[in-house]
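No experiment lies behind these values; they were computed from the predicted model shown.
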Amino acid sequence: MKISLLKLGLGLTIIGIIWISFIFVETEKIHDTILLKQSNSFELKLQFTGADIGFYRVYMPEFSGEEVFLQILDTKDNVIQEQEIHTKMSVGYFDFNENGTHTIKVTNISKNQINLQIEFGNTNSLQMIPAGVLILVGSLTMIVMGYLKITNYKIEQPDENIS
């Protein structure tokens, strides 16, 4: 049984995508749901190790124009990132480079109470590099083989003088 390079490239790409999804599912993260009243704050803390990329996801299920203010704090309570969120869902990323407990602090700056779902964690992006290379090799193989198949494809034309 002969496997074409196009199918091999597709297989490598699918394996890489599944590998990355397993890495992301297994990351260290926490999540919580809270009803945040006007001018109140909420914090989540998580232990990070090494240097990598962290993420947060803020979701407001019953969004109707509310706003929250979000800060990411490092181990010494210095602000790494801050952002006002005006949308139903927001996802953000930040770099961290020291071991210790990092904090996400969310403050309700609207006039109504808000139902929030917050997720905070580490992306483990360094572990995704081999899977990313696998996806790149598979994608490039599919592109090259697709190009070669298209350039070698010939359509037979009927004769012009059919009598």
Side-chain angles (χ1 to χ4, degrees), residues 7-146:
K7 290 178 184 176
L8 180 66
L10 180 63
L12 289 175
T13 304
I14 290 172
I15 290 169
I17 291 169
I18 291 170
W19 188 358
I20 282 183
S21 64
F22 277 123
I23 290 171
F24 197 71
V25 165
E26 295 297 321
T27 61
E28 186 175 335
K29 60 188 167 203
I30 56 174
H31 54 86
D32 202 354
T33 302
I34 185 165
L35 187 63
L36 199 59
K37 295 183 180 174
Q38 179 184 3
S39 301
N40 285 357
S41 295
F42 176 72
E43 293 183 355
L44 281 176
K45 296 178 184 267
L46 184 62
Q47 183 76 22
F48 289 112
T49 55
D52 209 341
I53 299 173
F55 77 96
Y56 62 86
R57 183 181 65 89
V58 177
Y59 177 66
M60 296 180 252
E62 296 134 14
F63 180 74
S64 59
E66 292 90 0
E67 300 176 352
V68 295
F69 183 70
L70 178 132
Q71 290 181 318
I72 306 294
L73 309 172
D74 66 2
T75 58
K76 299 174 185 117
D77 288 337
N78 297 320
V79 176
I80 297 174
Q81 182 176 354
E82 58 186 15
Q83 176 183 3
E84 280 188 32
I85 298 174
H86 310 278
T87 57
K88 185 172 186 168
M89 185 171 88
S90 177
V91 177
Y93 299 92
F94 60 93
D95 295 324
F96 63 90
N97 52 12
E98 57 185 76
N99 296 338
T101 303
H102 288 67
T103 307
I104 182 170
K105 182 177 181 181
V106 182
T107 305
N108 183 357
I109 56 176
S110 65
K111 295 179 179 159
N112 304 324
Q113 65 181 9
I114 301 173
N115 185 15
L116 288 175
Q117 295 175 3
I118 302 168
E119 188 173 5
F120 183 53
N122 183 357
T123 61
N124 287 337
S125 63
L126 296 177
Q127 294 177 2
M128 293 182 191
I129 291 174
V133 170
L134 196 63
I135 292 172
L136 178 66
V137 169
S139 300
L140 289 176
T141 303
M142 286 191 309
I143 290 169
V144 169
M145 292 311 299

(message) Would the distance check show the side chain of D95 and the main-chain N or O of I53 forming a donor-acceptor pair, the cut-off being under 3.5 Å?
(response)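 No, the answer is negative, given that no donor and acceptor are paired below the 3.5 Å cut-off.
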(message) If the condition is side-chain hydrogen bond (donor to acceptor under 3.5 Å, both in side chains), which residues does S110 pass it with, not counting sequence neighbours?
(response)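 S110 satisfies side-chain hydrogen bond (donor to acceptor under 3.5 Å, both in side chains) with N108 only.
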Atom pair [atom1] ([X]) and [atom2] ([Y]), whose distance is rounded to the nearest 0.5 Å:
| X | Y | atom1 | atom2 | result |
| --- | --- | --- | --- | --- |
| N124 | I129 | CG | CD1 | 11.5 Å |
| D77 | Q71 | CG | CD | 10.0 Å |
| K7 | M142 | NZ | CE | 14.0 Å |
| L116 | F42 | CG | CZ | 9.0 Å |
| R57 | Q117 | CZ | CD | 6.5 Å |
| E98 | T75 | CD | OG1 | 3.5 Å |

Can you give the donor-acceptor pairs under 3.5 Å from side chains of residues 25-41 to other protein atoms, not counting sequence neighbours?
unit_1, atom_1, unit_2, atom_2, d
T27, OG1, F24, O, 2.9
T27, OG1, N122, O, 3.4
S41, OG, T107, OG1, 2.9

(message) Quick test of your reading: applying ring-ring contact (aromatic ring centres under 6.0 Å, His included), list the pairs with at least one residue in residues 126-146, sequence neighbours left out, ordered by first then second residue.
(response)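 Non-adjacent pairs meeting ring-ring contact (aromatic ring centres under 6.0 Å, His included): zero.
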Residues forming a side-chain contact (heavy atoms from CB on, under 4.5 Å) with [X], sequence neighbours excluded:
| X | value |
| --- | --- |
| I135 | T13, I17, I20, S139 |
| E84 | E67, F69, H86, I109 |
| V144 | L148 |

(request) Locate the shortest heavy-atom distance separating L126 from A51; write the atom from each residue and the value. (result)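 Distance-wise, the nearest heavy atoms are CD1-O, 3.6 Å.
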(request) Give the minimum heavy-atom separation between L134 and W19, together with the two atoms involved. (result)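 Heavy-atom minimum between the residues: CD2-CE3, 4.1 Å.
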(request) Test T141 against L8 for side chain to side chain contact (heavy atoms under 4.5 Å, CB included), laying out the working first. (result) CA-CA 8 Å; T141 303; L8 180 66; 5.5 Å; no
Side chain to side chain, [X] and [Y], heavy atoms closer than 4.5 Å:
| X | Y | value |
| --- | --- | --- |
| I80 | H102 | yes |
| L73 | V79 | yes |
| F55 | E119 | yes |

(message) So if I apply the side-chain contact (heavy atoms from CB on, under 4.5 Å) rule between Y56 and each of V106, L70, L44, which one comes out positive?
(response)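 Output: one option passes, namely L70.
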(request) Run the numbers on M60 and I85 for side chain to side chain contact (heavy atoms under 4.5 Å, CB included), then give the verdict. (result) CA-CA 10 Å; M60 296 180 252; I85 298 174; 4.0 Å; yes
(message) Can you tell me how the ring of F94 sits relative to the ring of F120, calling it parallel under 30°, perpendicular over 60° and tilted otherwise?
(response)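 Taking F120 first and then F94, their aromatic rings lie parallel (interplane angle under 30°).
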(request) Decide yes or no on side-chain hydrogen bond (donor to acceptor under 3.5 Å, both in side chains) for E62 and S64, but give the supporting numbers first. (result) CA-CA 6 Å; E62 296 134 14; S64 59; over 6 Å; no
